[in-house]
Amino acid sequence: MLEDKNTKVRIAFFVILVGISSMFAAVVTDHWAVLSPRVEKVNTTCDAAHFGLWRLCTKRIYIQEPDPKGKGCGPISLPGEHNCSYFKHFTSGEEAKLFEVKTQKEYSISAAAIAIIGVGFMILGTICILISFRKGMDYLLKPAGMFFTFAGLCIIISVEVMRQSVKRMIDSEETTWIEYYYSWSFACACAAFVLLFLSGIAVLLISMPQMPRNPWETCMDAEPETQE
């Protein structure tokens with residue numbers, strides 16, 4: 001029975017490792033969303049942008065033919081002059097001029113802070129589950145499961161904050177962006193939520209004491225009462 005429990009924990013931990021990789025990829029990369037202005041004519045340049053929790057990257061693309069999917073600038077995979085800068089509220093100076101919308105600053109700070117809290121929960125859960133592999137330390141599975149569940153909740157909250165951020169930028173008259181789509185970093189964050197949240201719940205269920213198969217097992221295991 002103990003070996004079966006350990007096998008389940010190891011399988012869940014393997015899935016958690018995939019979720020950890022997805023979460024780190026989402027936090028450190030800059031492809032949460034791709035933004036582009038309207039392009040009215042060809043044979044000209046336009047500035048497309050992609051951003052993450054920390055940086056905004058712009059690319060100046062030369063347009064030779066209109067985008068068949070719309071009137072946006074891109075696709076972002078086309079060659080062009082590439083420039084990245086950290087958000088203005090994380091560094092001093094005149095960086096990230098395209099992100100001077102007040103609401104975007106607030107959204108980005110919130111999303112980054114929540115994601116960092118999620119990374120902290122993820123690290124704590126990893127420490128607990130690694131120690132739980134030692135003999136007699138399986139009681140740490142419960143806090144490990146809770147930490148991974150909280151990490152998943154944090155990253156999905158960060159995803160929603162960033163989604164609202166993009167929506168606010170598109171709707172704002174202070175920016176030139178009119179086209180957008182969510183990219184692979186956003187997909188990594190969503191995958192991290194699913195893997196960490198479900199695996200955290202699974203670890204919690206595995207750590208629970210096993211219920212008897214039928215009510216008679218409890219009665220049969222009970223010690224008989226002694227009559228005086």
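Quantities reported herein were computed from a predicted structural model and do not represent experimental measurements. All residue numbers refer to positions in the sequence shown, counting from 1.
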Atom pair NZ/CG of Lys8 and Leu205 - distance to nearest 0.5 Å: 10.0 Å
Audit row: Ile129, Phe147, side chain to side chain contact (heavy atoms under 4.5 Å, CB included) steps and yes/no: CA-CA 10 Å; Ile129 202 168; Phe147 285 139; over 6 Å; no
Joint cluster assignment, Ile206 & Ile11, ILVMFWY side-chain distance < 4.5 Å: no
Parallel, tilted or perpendicular: rings of Phe13 and Phe133 (30°, 60°): perpendicular
Pairs where residues 13-30 contributes a residue and the test salt bridge (Lys or Arg N to Asp or Glu O under 4.0 Å) is met, not counting sequence neighbours: Asp30-Arg55
Candidate pair Phe14 and Val9, rule side chain to side chain contact (heavy atoms under 4.5 Å, CB included), full reasoning: CA-CA 9 Å; Phe14 175 78; Val9 172; over 6 Å; no
Pairs meeting criterion salt bridge (Lys or Arg N to Asp or Glu O under 4.0 Å) with involvement of residues 11-29, two or more places apart: none
Heavy-atom closest pair, residues Gly125 and Phe148: C-CZ, 3.3 Å
Residue Tyr180 excluded, over 12 heavy atoms near OH under 6.0 Å: no
Separation between OG1 of Thr126 and CD1 of Ile131, rounded to the nearest 0.5 Å: 11.0 Å
Single-linkage hydrophobic cluster, 4.5 Å side-chain cutoff, Tyr182 and Ile114 together: yes
Main-chain N/O of Ala112 paired to Trp54 side chain as donor or acceptor, under 3.5 Å: no
Residues 184-200 side chain polar contacts: donor-acceptor under 3.5 Å, at least two apart:
| residue | atom | partner | partner atom | Å |
| --- | --- | --- | --- | --- |
| Ser185 | OG | Thr29 | OG1 | 2.5 |
| Ser185 | OG | His31 | N | 3.2 |
| Ser199 | OG | Leu195 | O | 2.6 |

What donor-acceptor contacts under 3.5 angstrom involve side-chain atoms of residues 150-161, with partners at least two apart or in another chain?
| residue | atom | partner | partner atom | Å |
| --- | --- | --- | --- | --- |
| Ser158 | OG | Ala111 | O | 2.9 |
| Glu160 | OE1 | Arg163 | NE | 3.0 |
| Glu160 | OE2 | Arg163 | NH2 | 2.9 |
| Glu160 | OE2 | Gln164 | NE2 | 2.9 |

Approximate separation, where rounding is to 0.5 Å, of Ile20 CD1 and Met23 CE: 9.5 Å
Summary of salt bridge (Lys or Arg N to Asp or Glu O under 4.0 Å) pairs that have at least one residue in residues 182-199, sequence neighbours excluded: none
Same cluster (ILVMFWY, side-chain, under 4.5 Å), Val15 and Met122: no
Spacing of CG belonging to Leu35 relative to OG belonging to Ser183, to within rounding of 0.5 Å: 11.0 Å
Partner residues of Lys142 under the side chain to side chain donor-acceptor pair (under 3.5 Å) criterion, sequence neighbours left out: none
Nearest-0.5 Å distance, OG of residue Ser132 to CG of residue Asp138: 7.5 Å
Single-linkage hydrophobic cluster, 4.5 Å side-chain cutoff, Val18 and Ile16 together: no
Shortest non-hydrogen separation from Trp32 to Ala26 and the atoms involved: NE1-O, 2.7 Å
Derivation of the side chain to side chain contact (heavy atoms under 4.5 Å, CB included) call for Phe51 and Met162: CA-CA 10 Å; Phe51 71 96; Met162 291 296 283; 3.2 Å; yes
Rounded distance (nearest 0.5 Å) linking atom CD1 of Ile116 with atom CG of Leu53: 8.0 Å
